[in-house]
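In what follows, a structure is listed as C-alpha cells, so that the remarks can point back to it.
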Amino acid sequence: MGITTACGAEMLTIDQSKARIELDPYLEFADAGDNGTQPIEQLVGAGTALQWRPFQSKARNPVRERSLLLRLKIFNPTDTEEWLFNTDDPLVDVTEVALVHAGQVLAHHRGGDLVPFSEWPIPHRHPVFPLHLEAGKHYELWIQVRSGGPTRAQFSLWEPAPFWRSAQQDVFLMGLFFGLLATIATYYVFLFTWLRERRFLYFFGFCLFTALTMAGLHGYSYQFLWPNAPAWQNRAPLVFTSLLILCACFFVIDYLGLTKDNRIRKLLLGAGGSAALYAILQWWIDYTWAGYALLCLLLVGLLLVSYASIRRIRQHGLSGWYFAAGWLAFGISAFLLVLDEIGYSPGSVIAGYTVHIGVAILILLLSFGLAARMRDERNLALRAQAASLHHQAQATREQERALRIERDAKQHLEQRIVERTRDLQRAMNELSDANAQLREISTIDGLTGVKNRRHFDERLVTDLKQARREGTSLALLLIDLDHFKTVNDLYGHLAGVESLKHLARVLTATASRPLDTVARYGGEEFVVLLPNTQPSGAVSIAERIRTAVQDGPIDWNGQSIRLSVSVGVALSTQVPTADSDQLIEYADKALYEAKAAGRNRVACASPQSD
C-alpha cells in the first residue's frame, strides 16, 4: 500500500479496502531545532531545508521530545475523499496539522489539552482532524506535536463511518466502567448516611477521584466537564490522582482501626498529607518531574498500605487477606499506569486498562473482606453474649441449664461452619488444580503430544514482539512430512499416525532449548520457533531435522518405513514489521520451494527487497 520515497520513508497510497490505516510506517520526522515553536505554516515553507528521516514510533514510543515535526506523503487513488486523521493521546499539549498540496496549505487544524475544546475541528475525546483528499492527487500532511512530557500518541487514518462506530464502542465500554464506579460510590454514600462510619465516606472519595482520574486520562473530562479550561485539563489527572491517594490513606487507617500511637498510622497520615500538598505544589513543577514525584508518592503509599495490611492480617483474619490482596492489585495497576503516562511503560500493557482491572479486583476483594469481617464481628458478638449468659446462669439452676443448651447448640453450629468452610476450601483447591490441568491440556496436540496450533499462534506473536524489542532474530521452521498420503494408503492410517508421532519426537529432541517451541500446525505440517537464532543456525537445525528423519525409519508391523521432510525457513529480520502472518507466509513460500525442488530438502526464504 506504500511506495518508498528517496528519503527512506514510504508514501501512503490509500487502500479503500482498509477502514483504518496505521500511519507510523509512512511518517518521517525532522528536528525543527529552535523553530519547533514556530507556526506550522512557516515550517512548511522551510520544508526543503529540513533533514527528514523515517519515523518509527514503536522504537521511539513514548516520544520524549517536547516538540516533534512529522510529515506524511499521501496519494489517494480512490473515490473516497473525506477522511479523518486521529491521534489517540488526549494528553498532548498541542497537535497541529496542515494539509499541503503543491506547496500550498489547504487546511490547518489545532487540537490538544492546551487548546480550548471549542477550537477543536471535531468534538471527540482525542484530537481528530478532517482531511479532504481528492482522488488522483498527491498531498503532504504536516504534523507538529508539542507536549510538556512524553507522549504515547499513535497516528491513524480512518474512513468516517468506521471511526465513529469504533468510538461508540469505546464510549460504551467506558460507560460500563464509570457506571460501575458510580453505582459503588452511591452505595457507599448511602452506607455512610445510614451508619455514619467514615470509612465509607473515604471509599466514596476514592471511587470518585478514580473515576475523575480515568476520565481525564481518556479525554472524557475535557470533552464533557471542563471543555473551556485547558490549563486545568493539563493538570487535572495529577490532582485527582493525589486526592485518590489521600482518600486511600484515610480509608486504610479507618478500616484497619489504627490507633493514634501507631507508627504506621502516622506514616499513612504523612503520605496523605504529602498527597494533599502535592495537589497544590504540582502547579509550579514541570509536568515530567511532577509525574516522577507522583510515581514516588504512589509507590510510598502502596508500600505503606501493603505493610499495614500484612501486619494486621493476623488480627483481621480472612478479611485482612482480602484487604491486602485487593490494595496490592490496585496499587500495582496504578503504578503501571503512572509509569505509562510518564513514558516508561513496561510493555504494551495493557497500560490503558490496568486501573480498570485493578479497581474491579479491589472492589471485589474488599466486598469479600467486608463480608468476612461482618461474619467475624457477628461471631465475636455471639461469643461475648454466650460468656455473659454463662455468668448470669450461675445465679439459678434453670438459667445454667438453659445457657448450657444454648452453648452446646452454638458450638455445634460453629463446628459445622468450620467443617463447611474446610470442605469449601478443599473443593476450591481441587477446582483450581483441575483448571490448571485443563489449561495445560488445552495447549497440547492430542495426537502427537507437542503443542497445538492455538498455542503456536499465541507464542508466535509474543516471540515476534520480543525479538523486535530486543533486536534479535526469531527463526520459524515450517516442516511438512513428504508423501504422507502415500504412507497412509500403503501401510494404513495407524502407520500414518505413528509417522506423525515419530516426526514430533525428532522435532522435540532437536529443538530442545527451553525457549524453543514445537507445535503441530495442521495435518502433516509442524512448526518450530527458534528465538534468538541467526540464519545459519536456523538452517543448521533444519538440516539436522531433515537428516534425522531421513536416517531414522520407523518399524511398523515388521516393515521399515523410510520418511523424509521438506523444511521452509523464515526469519523475523526479513519482515519489516512485527507481522506474524507475513512471517508464516515467507516460511510457507520457502516450504513450497523445497517441495518444488524435489522434497527432502531445506529452503530458506529470500530476504525482503527494499
Side-chain angles (χ1 to χ4, degrees), residues 1-5 7-28 54-58 61 70-89 97 99-101 106-107 109 121-122 124 126-143 153-173 348 453 457-458 460-461 464-465 468 476 478 522 570 572 574-590 592 605-610:
M1 189 172 61
I3 61 175
T4 303
T5 63
C7 63
E10 291 187 72
M11 174 182 292
L12 172 62
T13 300
I14 296 178
D15 184 353
Q16 195 170 15
S17 64
K18 296 186 177 181
R20 175 184 179 179
I21 304 173
E22 296 292 340
L23 301 180
D24 291 350
Y26 310 99
L27 291 171
E28 49 190 7
F55 177 76
Q56 298 176 349
S57 67
K58 287 182 169 52
N61 190 24
L70 303 172
R71 183 174 67 177
L72 171 67
K73 297 181 179 180
I74 308 174
F75 173 67
N76 183 17
T78 69
D79 296 330
T80 302
E81 296 184 348
E82 303 300 328
W83 295 84
L84 296 178
F85 172 77
N86 176 46
T87 171
D88 60 359
D89 188 356
V97 298
L99 184 64
V100 180
H101 174 68
L106 303 181
H109 303 291
I122 293 178
H124 186 263
H126 295 162
V128 181
F129 309 103
L131 299 179
H132 181 75
L133 306 176
E134 296 183 9
K137 290 188 178 181
H138 291 79
Y139 296 89
E140 288 184 357
L141 184 66
W142 288 61
I143 308 148
Q154 298 288 323
F155 307 102
S156 55
L157 192 66
W158 288 76
E159 289 188 26
F163 174 83
W164 291 115
R165 286 196 298 269
S166 176
Q168 289 175 354
Q169 294 176 358
D170 293 340
V171 170
F172 174 76
L173 294 177
S348 61
R453 172 70 177 275
D457 290 339
E458 296 174 350
L460 176 59
V461 173
L464 191 55
K465 289 182 178 179
R468 287 291 177 186
L476 171 62
L478 185 58
S572 62
Q574 299 170 332
V575 181
T577 61
D579 188 343
S580 58
D581 292 336
Q582 191 172 11
L583 184 60
I584 294 175
E585 180 182 353
Y586 281 10
D588 188 66
K589 289 181 179 178
Y592 178 82
S606 301
Q608 184 187 24
S609 60
D610 292 333

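Counting from 1, the numbers follow the sequence of the chain as shown. It should be emphasised that the depicted structure is a prediction, and the values quoted were computed from it without experimental measurement. Note that these values count all heavy atoms, side chains included, but never hydrogens, waters or copies made by symmetry.
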Atom pair [atom1]/[atom2] of [X] and [Y] - distance to nearest 0.5 Å:
| X | Y | atom1 | atom2 | answer |
| --- | --- | --- | --- | --- |
| Ile74 | His101 | CD1 | NE2 | 12.5 Å |
| Asn76 | His132 | CG | NE2 | 9.5 Å |
| Leu464 | Leu583 | CG | CG | 6.0 Å |
| Lys465 | Ser580 | NZ | OG | 9.0 Å |
| Glu458 | Arg453 | CD | CZ | 12.0 Å |
| Glu140 | Leu72 | CD | CG | 9.0 Å |

Side chains of [X] and [Y]: does their closest heavy-atom pair fall under 4.5 Å?
| X | Y | answer |
| --- | --- | --- |
| His109 | Pro127 | no |
| Leu99 | Leu133 | yes |
| Leu23 | Phe85 | yes |
| Glu28 | Pro54 | no |
| Tyr139 | Leu106 | yes |
| Thr87 | Ile143 | no |
| Glu159 | Trp83 | yes |

Go through the steps to decide whether Met11 and His138 satisfy the test side-chain contact (heavy atoms from CB on, under 4.5 Å), and finish with yes or no. CA-CA 10 Å; Met11 174 182 292; His138 291 79; 3.7 Å; yes

For the residue pair His124 and Phe163, is the inter-centroid distance of their aromatic rings smaller than 6.0 Å? yes

Enclosure of Phe75 CZ (heavy-atom neighbours >12, cutoff 6.0 Å): yes

Carefully, step by step, assess Leu12 and Leu157 under the rule side-chain contact (heavy atoms from CB on, under 4.5 Å). CA-CA 10 Å; Leu12 172 62; Leu157 192 66; 4.0 Å; yes

Can you see which heavy atom on [X] is nearest to which on [Y], and at what distance?
| X | Y | value |
| --- | --- | --- |
| Ala590 | Ala605 | CB-N, 3.6 Å |
| Ile122 | Pro130 | CD1-CD, 3.9 Å |
| Thr13 | Pro77 | CG2-CG, 3.9 Å |

After noting the C-alpha distance and the side-chain angles of Tyr586 and Leu476, does the key distance pass the side-chain contact (heavy atoms from CB on, under 4.5 Å) rule? CA-CA 9 Å; Tyr586 281 10; Leu476 171 62; over 6 Å; no

Checking side-chain contact (heavy atoms from CB on, under 4.5 Å) for the pair Asp24/Phe155: CA distance, chi angles, key distance, verdict? CA-CA 7 Å; Asp24 291 350; Phe155 307 102; 4.0 Å; yes

